[in-house]
Amino acid sequence: EVQLVESGGGLVQAGGSLRLSCTVSGFPFDDYAIGWFRQAPGKEREGVSCISASDGSTYYADSVKGRFTISRPNAKNTVYLQMNSLKPEDTAVYYCAAEGFVTAQAMGVMPPGLSRSWGQGTQVTVSS
C-alpha cells in the first residue's frame, strides 16, 4: 500500500522558516518523482516544488523560487521542503505526492496522472 505522511507544518510569523517532511512507503522510492503541492481556502491546488527520481532535477513555482528548497537525501525514504522567508500568502494546506514516469517539471505544472498518490496534508499558517 502506497503511503505518504507529511509532517512539519505549523504556525509561524512572516519571515520565519519551516521544514516539511514527507515520508513514503509501499513503493520503490527511487523510481518516483515526489512533489509538494498546496491549496489555500477557495483556491485550486497548485504545484509548489517537485524533485525527479532519476537525476534530481527540480521544479519550483515562481512564487517560491529563492525561498523554498526541496531535497531527497540518498538512503532515506523522505523528501524535505525547506521554506524560508515565509509570507502570509504561503498559508495553505501542503500536500506531498508521488508519481512515477514523470519529470519534476511535468509533475509541477501538468494535471495529475492516474498513478499519482497523495498524503493527507499538513497545515502551514503564516501570520503577518
Side-chain angles (χ1 to χ4, degrees):
E1 179 185 1
V2 175
Q3 283 194 321
L4 300 98
V5 179
E6 302 98 333
S7 61
L11 173 64
V12 65
Q13 288 189 332
S17 298
L18 285 173
R19 188 177 79 159
L20 304 183
S21 300
C22 173
T23 301
V24 305
S25 61
F27 61 90
F29 180 68
D30 291 343
D31 292 344
Y32 279 68
I34 306 293
W36 287 96
F37 297 76
R38 67 186 181 187
Q39 188 166 18
K43 295 189 177 181
E44 292 187 353
R45 191 172 297 188
E46 62 174 351
V48 175
S49 182
C50 305
I51 187 164
S52 72
S54 56
D55 59 4
S57 59
T58 56
Y59 161 82
Y60 293 97
D62 287 343
S63 59
V64 306
K65 282 180 181 176
R67 301 188 298 122
F68 291 10
T69 303
I70 192 170
S71 62
R72 57 188 297 170
N74 292 335
K76 287 189 175 183
N77 282 12
T78 302
V79 171
Y80 301 100
L81 184 68
Q82 179 66 43
M83 304 187 297
N84 299 329
S85 302
L86 283 161
K87 304 175 181 180
E89 51 264 44
D90 294 318
T91 295
V93 177
Y94 283 70
Y95 298 90
C96 177
E99 188 170 348
F101 306 107
V102 67
T103 65
Q105 176 74 21
M107 190 179 188
V109 300
M110 298 297 288
L114 294 177
S115 66
R116 187 173 295 182
S117 298
W118 296 93
Q120 81 288 351
T122 185
Q123 177 71 45
V124 171
T125 303
V126 184
S127 63
S128 57

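On a predicted model such as this, the values are computed, not experimentally measured, just so you know.
- A side-chain contact (heavy atoms from CB on, under 4.5 Å) with Leu86 is found for exactly one of Thr125, Thr91, Val126, namely Val126.
- When side chains are defined from C-beta on, Leu4 counts as touching Ser117, because their heavy atoms get closer than 4.5 Å.
- When all heavy atoms are compared, the tightest approach of Ala92 to Ala40 is CB-N, 3.8 Å.
- In this structure the side chain of Phe37 reaches within 4.5 angstrom of the side chain of Cys50, judged on heavy atoms.
- Contact detail for Val102 and Met107: the closest heavy-atom pair is CG2-N, 3.7 Å.
- Between the NZ atom of Lys87 and the OG atom of Ser128 there is a distance of 14.0 Å, given to the nearest 0.5 Å.
- Annotation for Trp36 and Ser21: closest pair CH2-O, 3.5 Å, computed over non-hydrogen atoms.
- The two residues Val48 and Val64 have their closest heavy-atom pair at O-CG2, 3.6 Å.
- Atom CG in Leu20 sits 9.0 Å away from atom CD in Gln82 (nearest 0.5 Å).
- Side-chain contact check for Tyr94 versus Glu6: every heavy-atom pair is 4.5 Å or farther apart.
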Let's go through Ser57 and Ser52 carefully: what are the C-alpha distance in whole Å and the side-chain angles of both, what is the deciding distance for side-chain hydrogen bond (donor to acceptor under 3.5 Å, both in side chains) to 0.1 Å, and is it a yes or a no? CA-CA 5 Å; Ser57 59; Ser52 72; 3.1 Å; yes
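- Proximity of Cys96 to Ile34: side-chain heavy atoms (C-beta onward) are separated by under 4.5 Å at one or more points.
- Going from atom CD of Gln39 over to atom CD of Glu46 covers 9.5 Å, rounded to the nearest 0.5 Å.
- Taking the six-membered ring where tryptophan is involved, the planes of Tyr32 and Phe27 are tilted, since the angle between them lies from 30° to 60°.
- Looking only at side-chain heavy atoms (C-beta outward), Val24 and Cys22 come within less than 4.5 Å of each other.
- Figure legend: cation-pi geometry between Arg19 and Tyr80, with NZ or CZ positioned under 6.0 Å from the six-membered ring centre and within 45° of its axis.
- Side-chain contact check for Tyr59 versus Thr103: every heavy-atom pair is 4.5 Å or farther apart.
- Between Asp90 and Met83 the shortest side-chain heavy-atom distance does not fall below 4.5 Å.
- No continuous path of hydrophobic side-chain contacts links Leu18 to Tyr95 [ILVMFWY only; heavy atoms under 4.5 Å].
- The shortest heavy-atom contact between Ala33 and Arg72 is CA-NH1, 4.0 Å.
- The shortest distance between side-chain heavy atoms of Ser49 and Leu81 falls below 4.5 Å.
- Smallest separation of non-hydrogen atoms from Ser17 and Ser85: OG-N, 4.3 Å.
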